[in-house]
Amino acid sequence: MNSPLSSEAARRRTFAVIAHPDAGKSTLTEALALHAHVIAEAGAVHGKAGRKATVSDWMEMEKDRGISIASSALQFEYAPEGHQGEPYMINLVDTPGHADFSEDTYRVLTAVDAAVMLIDGAKGLEPQTLKLFRVCKARGLPIVTVVNKWDRPGKSPLELVDEIVTEIGLQPTPLYWPVGEAGDFRGLAKLSDEGEPQEYIHFIRTAGGSTIAPEEHYTPEQALDKEADAWETATEETELLAADGAVHDQELFLDCTTSPMIFASA
């Protein structure tokens, strides 16, 4: 029989967000808190010249410069769709990306279950990202890859997949694939266990991304009617990846051989 302490520990999940400076770590952290309904609006703390800063950046220098200097943690409960029992308790740690504060990041990586590797869709893998990845690999931390800023011009999704495989030897296995090239983000194709598009999620923009974007859900047939060439391109790209074996496998993920991949605009 499980004790209350062991039951409480079993439902906790702790993640660190790692990336090169300005990839959008703090913005992603806040977006996740927004979607978990912990906050009602992103950018709750006002920054320099009337700009809004992220809620995880609390030091005056962080607000002024738009960077994270100290690690900060957001804790919230989350129950995935269809989840039975008590919700998970998520500890999401936003770490500083600047090399001057990397020792703080290294300490954080000793106390987490997994890492979210955030990549700028235009810049790809950058020096600090590579450095932090090597630390995660040495510690045996499973990694989830999130490609951010897909609403801006950038590299092609297949180019980013190849770059990750070539540079760090980690095989991305997309869970969602972008519909529309970088800078023309229409939505996401949700992939099946076999790597095939099974649903199209179309996003409706909100002002400054401060609130949760409404979603429209379509079948693959409806998506083809709605998005035409963009959907066909996404389908062809995912077929290439599936043929190459780039589909999610939980054991390979936990073994740090593969990395679930998601595209987003935090």
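For the numbers below, each heavy atom of this structure counts, side chains included, while hydrogens, waters and symmetry mates do not.
A side-chain donor-acceptor contact under 3.5 Å links Ser259 to the backbone of Ile143. Side chain of Arg11 to backbone of Pro87: a donor-acceptor contact under 3.5 angstrom is found. Using modelled atom types, one side-chain atom of Asn148 and one backbone atom of Ala23 make a donor-acceptor pair closer than 3.5 Å. A donor-acceptor pair is defined here as one N or O able to donate and one able to accept, closer than 3.5 Å; such a pair exists between the side chain of His20 and the backbone of Gln128. The closest donor-acceptor contact from the side chain of Asp120 to the backbone of Ala122 lies under 3.5 Å. Between the side chain of Asp249 and the backbone N or O of Glu251, at least one donor-acceptor pair lies under 3.5 Å. Without hydrogens or angle criteria, Thr166 side chain to Glu163 main chain gives no donor-acceptor distance under 3.5 Å.
With sequence neighbours excluded, the residues forming a ring pair (Phe, Tyr, Trp, His ring centres under 6.0 Å) with Tyr88 are His83, listed by chain and number. The ring pair (Phe, Tyr, Trp, His ring centres under 6.0 Å) test applied to Phe133 returns no partner, not counting sequence neighbours.
By the rule that hydrophobic residues join a cluster once side-chain heavy atoms approach within less than 4.5 Å of another member, Val179 and Val147 end up as members of separate clusters. No continuous path of ILVMFWY side-chain contacts below 4.5 Å connects Val165 to Leu252, so the two sit in separate hydrophobic clusters.
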Stepwise side-chain contact (heavy atoms from CB on, under 4.5 Å) test for Thr129 and Ile18: CA-CA 7 Å; Thr129 314; Ile18 60 171; 5.9 Å; no
Verdict with reasoning, Glu215 to His202, per side chain to side chain donor-acceptor pair (under 3.5 Å): CA-CA 6 Å; Glu215 300 176 1; His202 177 254; over 6 Å; no
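Of all the heavy atoms in Leu170 and Thr257, the pair that sits closest is CD1-O, 3.6 Å. In terms of heavy-atom proximity, Pro260 sits nearest to Leu175 at CB-CD1, 3.8 Å. Scanning all heavy atoms of the two residues, the minimum distance from Ile168 to Lys137 falls at O-NZ, 4.4 Å. Taking every heavy atom of both residues into account, Cys136 and Ala115 meet most closely at SG-CB, 3.8 Å. Taking every heavy atom of both residues into account, Ala16 and Leu109 meet most closely at CB-CD2, 3.9 Å. Nearest heavy atoms, Leu141 versus Val112: CD2-O, 3.3 Å.
Side chains of Pro157 and Glu237 form a contact here, defined as non-hydrogen atoms less than 4.5 Å apart. Side-chain contact between Leu160 and Thr145: absent, with no pair of heavy atoms (C-beta onward) separated by less than 4.5 Å. Side-chain contact between Leu28 and Val17 is present, with heavy atoms from C-beta onward closer than 4.5 Å. Using a 4.5 Å heavy-atom cutoff, the side chains of Tyr218 and Glu199 are not in contact. Inter-residue side-chain proximity for Arg13 and Asn91 is flagged as unmet; no heavy-atom pair is nearer than 4.5 Å.
A distance of 8.5 Å separates CD in Gln75 from OG1 in Thr14, rounded to the nearest 0.5 Å. In this structure, the separation between CE on Met89 and OH on Tyr78 is 15.0 Å, given to the nearest 0.5 Å. The line from CG of Asp162 to NZ of Lys155 is 11.0 Å long, rounded to the nearest 0.5 Å. In this structure, CD on Glu77 lies 9.5 Å from CD1 on Ile90, to the nearest 0.5 angstrom. Between atom CZ of residue Arg186 and atom CG of residue Leu188 there is a gap of 13.0 Å, rounded to the nearest 0.5 Å. Note that CD of Glu227 is 12.0 Å distant from CD of Glu232, once rounded to the nearest 0.5 Å.
Electrostatic pairing of Lys149 and Asp151 does not count as a salt bridge here, judged by no charged N lying under 4.0 Å from a carboxylate O.
Within 6.0 Å of NZ on Lys226 lie more than 12 heavy atoms contributed by other residues, nucleotides or ligands. Applying the 6.0 Å contact sphere to CD of Gln222 captures more than 12 heavy atoms from other residues, nucleotides or ligands. Heavy-atom neighbours of Asp225 CG from other residues, nucleotides or ligands within 6.0 Å: above the threshold of 12. Counted within 6.0 Å of CZ on Arg12, heavy atoms from surrounding residues, nucleotides or ligands total more than 12; the atom is thus considered enclosed.
Ring-plane geometry between Trp150 and Phe263 is classed as perpendicular, the angle between the planes exceeding 60 degrees on a 0 to 90 degree scale with a lower cut at 30.
No option in Ile164, Val144, Val146 other than Ile164 meets the side-chain contact (heavy atoms from CB on, under 4.5 Å) test with Met261. Looking at Trp231, Tyr176, Trp177 one by one, the single match for ring-ring contact (aromatic ring centres under 6.0 Å, His included) with Tyr200 turns out to be Trp231.
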